[in-house]
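Counting convention: from 1, in listed order, for ligands and their atoms alike. Starting from 1, each residue takes its place in the sequence as its number. Below, all heavy atoms of this structure are taken into account, side chains as well, without hydrogens, waters or symmetry copies.
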Amino acid sequence: MNDWHNMDCVDREELAELREQKLLNTVKWAYQNSPFYREKFQNNSVTPEEVKELKNITRLPFTTKSDLRESYPFKLAAVPMEQIVRIHASSGTTGKPIVAGYTKNDLVEWSRLVARTCALAGVTSRDTAQVSFGYGLFTGGFGLHYGLEYLEATVVPFSSGNTERQLSLMKDFQTTVLVSTPSFALYMAEAAREMGLDPKKDYSLRLGLFGGEPCSENMRREIENQWGITATVNYGLTEVVGPGVSGECTCQEGMHLHEDSFIEEIIDPATGESLPEGESGELVLTPIFKEGFPVIRYRTGDITRIIPGNCRCGHTTRRMDYITGRTDDMIIVKGVNLFPSQVEEVLSGFKEVSPHYRLVLHRSDKGFVKDVEVQVELTPEGFTDSFQELEKLEQNIKNRIRSTISLAPRVKLMEPKSLERTTGKSRRIVEGEDL
Ligand code: ADP
Ligand code: ZN
């Protein structure tokens, strides 16, 4: 293993000391330099001196998405704006976007983190990697770009869109690594076949690095089968830096968290209480390296757990399980909690349907979800003219959903390739009235 793996193979006692020291420094830094955190700490009657060891982190208040919205655009800054050399922002589908500013040092740290994530997935300097994440305010494109360059891979900065051209260049450049959302990777395979190309034979791809949205096990296997590659999943979010928080090694058994740079907590989203190791809850992250826009105890809204024990690969860092949902993606239908990932899990058991699906919500006058329709595409093989067979399949899917989630949504089978494809993140939940 080369240097890229050193920080993910350190002795756990040394790591614990390093984390504690970096956390204490971060808390002081934020209090002394960020007007936002000084005020937040004061409002919660807490001072940095009360955080003497790592476990005292729970004395500090959480930071929420709405805190960050309210601090728009630059209230979080802990350095004069002249030291900020880059600004990113999350798409902010509701309300104002969330802004992240980076100092020169922050960018170096970020590149290192992404380089480590890529190295964990098996990327080396001999690879040519096409970045099909959007370049712009979104952290995905630039994050992967500089991380891969740091690793000295050859980067093709394609950005999103223009699928045919992406496919042509990927073939001509004999690109070995694809970086995109999982849904775009699937769409690309479909588009390649439509162009008369065989994704397995006509391309040199060997690895895929996928992130930015959930990727079920079924979807991963589908991508691997279609392209003939190893597909790894990685995780990150703008609020704490961007991509480079955690990523899978080739064992594909959870995402190694860069523990020297982030303190992780898993909490009960309803009470805010810490949950024991191994239990599933909301992930809270504190990056412990940032100068520009420090963030403390950020409630990510992402549901996961820390996988107990060590990975077979020999890296010593702990692993996060795949994200099973977002607290704000939770749909409550007639008192039952529902995540899109649960529906996806059920759908993956039916070979007649593809991983392309969406949930259409119908609301009552008061805004409550009264009814959900699961729209799922048939695979070309699953497609049939027999009305009876289709009806039977719909009923089977509905029954399976009812027995696992205690909810009986309507199920609508769609023709192959009829649901909207995306070059970025796919939208799994849509409001009925928007259609
Ligand atoms: P935007 O808010 O503009 O979409 P971000 O990149 O900041 O941009 O989005 C981060 C969010 O994307 C995470 O909080 C998480 O919900 C989701 N996400 C990122 N990576 C993954 C992943 N590997 N699995 C599931 N969800 C992911
Ligand atoms: Zn591993």
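Residues T139 and H88 bring no donor and acceptor atom of their side chains to less than 3.5 Å of each other. Between the side chains of T103 and Q83, no donor N or O sits under 3.5 Å from an acceptor N or O. Y235 and D302 are linked by a side-chain donor-acceptor pair at a separation below 3.5 angstrom, with hydrogens and angles left out of the test. At a cut-off of 3.5 Å, with distance as the only test, a side-chain donor of D127 or T176 sits close to an acceptor on the other residue.
Comment: R421 does not engage E194 in a salt bridge, judged by the lack of any side-chain N to carboxylate O separation of less than 4.0 angstrom. Using a cut-off of 4.0 Å between Lys/Arg side-chain N and Asp/Glu carboxylate O, R116 and D260 are scored as salt-bridged. Using a cut-off of 4.0 Å between Lys/Arg side-chain N and Asp/Glu carboxylate O, R410 and D371 are scored as salt-bridged. Between R312 and E253 a salt bridge is recorded (basic side-chain N to carboxylate O distance below 4.0 Å).
Under the 4.0 angstrom criterion for non-hydrogen atoms, G236 is in contact with ligand 1. For G140, the closest heavy-atom approach to ligand 1 does not fall below 4.0 Å.
In terms of heavy-atom proximity, N33 sits nearest to A78 at CB-O, 3.1 Å. The heavy-atom pair separating E282 from T300 by the smallest distance is OE2-N, 3.7 Å.
At a heavy-atom distance under 4.0 Å, only side-chain atoms of F138, from C-beta outward, approach ligand 1. Proximity of T238 to ligand 1, defined as any heavy-atom pair under 4.0 Å, is shared by backbone and side chain alike. Proximity of I98 to ligand 1, defined as any heavy-atom pair under 4.0 Å, is not found for any part of the residue. At a 4.0 Å heavy-atom cut-off, ligand 1 touches L237 through backbone and side chain alike.
For ligand 1, the atoms lying closer than 4.0 Å to a non-hydrogen atom of V233 are 23 (N). For ligand 1 and N234, the ligand atoms under 4.0 Å from any heavy atom of the residue are 20 (N), 22 (C), 23 (N).
With contacts defined as side-chain heavy-atom distances shorter than 4.5 Å, the pair L144/C118 qualifies.
For a threshold of 3.5 Å applied to N or O pairs, the pair formed by T300 and ligand 1 contains no separation below that value.
Here the protein contributes C249 SG, H256 NE2, C311 SG, C313 SG as N, O or S atoms under 2.8 Å from the Zn ion (ligand 2).
In this comparison of K425, M320, E213, the heavy atom closest to atom 24 (N) of ligand 1 sits on E213. Between P243, G212, S90, G143, it is G212 that holds the heavy atom closest to atom 21 (C) of ligand 1.
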